[in-house]
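Data block below; observations after.
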Amino acid sequence: MFPARAATAAALLAVFVAALLYLPSAWWMAFLVPLLAGAGWEWSRLSGCAPHVRWGFCALTVATAVALWWARSDILFATVLALSCAFWLLLAPAWLVRRWQVKSQAVLLLTGWVVLVPAWLAMGHLQVEPGQLLAVLGIIWLADTGAYLVGRACGRHRLAAAISPGKTWEGVAGGVAAVAVYYGVLSQFLPGWNWWSDETGVALFAVVTAASMVGDLFESWMKRQAGVKDSGSLLPGHGGILDRVDSLTSGIPLAAALLLYLN
């Protein structure tokens with residue numbers, strides 16, 4: 001399982017990082033559109049929608065996301081980010097703690113829009129400074145990888161057995177430790193990046209790490225409610241697109257909001 005997961009991750013990472021670093025903004029956003037559409041399809045599947053509703057949701061999600069990006073409105077972007085932050089900081093944790101079983105497809109699809117579109121827009125906003133976006137993505141990737149490896153190696157105490165039996169507190173500690181080392185390395189070798197230094201950097205790294213774990217748990221709860229193991233089967237060793245970007249959907253909008261506020 002892990003060799004397939006690692007090979008898939010390495011291939012995807014190489015293509016993704018190259019696109020992030022070298023594509024102009026418009027082409028970068030176009031590169032992300034198929035991922036947005038695929039994630040929308042998987043979300044509508046988890047919501048129990050019929051195929052024609054899935055097509056409609058994908059089309060509406062992509063159309064509204066592109067329209068918001070094309071408008072280039074700071075007010076609209078800030079509003080969408082605020083909506084995303086409110087969801088991930090307030091509603092999603094309550095949803096998980098209470099383990100809400102939401103049956104309404106309309107509510108689930110609206111939730112899917114809030115999960116996916118702000119993350120897509122934030123990816124475009126942060127790519128204006130590719131190195132900054134890559135550094136933020138490193139937080140999410142290392143938190144996920146550290147949690148996975150440590151959890152598999154020595155996980156004993158379950159984090160949320162009713163939501164995701166495989167996740168453990170040891171895994172959480174592993175993810176936090178990986179991010180702490182990452183922060184230390186960046187501090188040592190890239191001291192000129194003052195956008196994340198001192199207390200500001202600690203807050204940014206802590207919030208993004210915590211949010212990424214909430215996003216991971218939230219997608220796990222959606223899958224459990226739908227009665228499936230993976231959101232899809234597109235990526236060997238990883239499942240579907242949502243299985244790969246679940247932490248990103250929560251971490252990236254919060255990072256964009258913090259950096260927008262701090263700048």
Are the side chains of [Y] and [X] in contact, using a 4.5 Å heavy-atom criterion?
X      : Y      : answer
Trp120 : Val33  : yes
Lys167 : Asp216 : yes
Arg45  : Pro51  : no
Asp246 : Phe218 : no
Leu35  : Val245 : no
Leu91  : Trp100 : yes
Leu259 : Glu129 : no
Leu21  : Trp28  : no

Mark yes or no for whether [X], through its side chain, and [Y], through its backbone, hold a donor-acceptor pair below 3.5 Å.
X      : Y      : value
Arg99  : Ala162 : no
Glu170 : Gly151 : no
Gln105 : Gly48  : yes
Tyr182 : Ala135 : yes
Ser84  : Val80  : no
Glu42  : Ile241 : yes
Trp221 : Gln101 : no
Gln225 : Val102 : yes
Arg158 : Thr168 : no
Ser247 : Ser212 : yes

Surrounding [atom1] of [X] (heavy atoms of other residues, nucleotides or ligands, distance under 6.0 Å), is the total greater than 12?
X      : atom1 : value
Trp95  : CH2   : yes
Trp169 : CH2   : no
Arg54  : CZ    : yes

Would [X] end up clustered with [Y] when hydrophobic side chains under 4.5 Å apart are linked, directly or stepwise?
X      : Y      : result
Met29  : Leu60  : no
Val208 : Val179 : yes
Leu260 : Met123 : yes
Trp41  : Leu32  : no
Trp70  : Phe77  : yes

Would you name the heavy atoms of [X] and [Y] that are closest together and state the gap between them?
X      : Y      : value
Leu20  : Leu137 : CD1-CD1, 3.5 Å
Leu254 : Ala211 : CD1-CB, 3.1 Å
Ala37  : Cys58  : O-SG, 3.4 Å
Ala122 : Leu81  : CB-CD2, 4.4 Å
Trp88  : Thr249 : NE1-O, 3.4 Å
Ala19  : Gln127 : O-NE2, 4.2 Å

Roughly how far apart are [X] [atom1] and [Y] [atom2], rounded to 0.5 Å?
X      : Y      : atom1 : atom2 : result
Leu217 : Arg224 : CG    : CZ    : 11.5 Å
Thr79  : Asp74  : OG1   : CG    : 10.5 Å
Leu108 : Cys49  : CG    : SG    : 7.5 Å
Thr111 : Leu46  : OG1   : CG    : 12.0 Å
Ser220 : Met222 : OG    : CE    : 11.5 Å
Ser47  : Lys103 : OG    : NZ    : 11.5 Å

*List the steps and the verdict of side chain to side chain contact (heavy atoms under 4.5 Å, CB included) for Leu133 and Val128.*
CA-CA 8 Å; Leu133 174 55; Val128 173; over 6 Å; no

_Parallel, tilted or perpendicular, as decided by the 30° and 60° cut-offs, for the rings of Phe31 and Phe16_ = tilted

_Full working for side chain to side chain contact (heavy atoms under 4.5 Å, CB included) between Ile139 and Tyr183_ = CA-CA 8 Å; Ile139 302 171; Tyr183 180 81; over 6 Å; no

*asked:* Check this for me: does any side-chain nitrogen of one of Asp243 and Lys229 sit under 4.0 Å from a carboxylate oxygen of the other?
replied: no

*asked:* Please determine whether side chain to side chain contact (heavy atoms under 4.5 Å, CB included) holds for the pair Val214 and Leu89, giving the CA-CA distance in whole Å, both sets of side-chain angles, and the decisive distance to 0.1 Å.
replied: CA-CA 9 Å; Val214 172; Leu89 294 175; over 6 Å; no

*asked:* Would Arg72 and Trp69 count as a cation-pi pair here, with the cationic atom under 6.0 angstrom from the ring centre and within 45° of the axis?
replied: yes

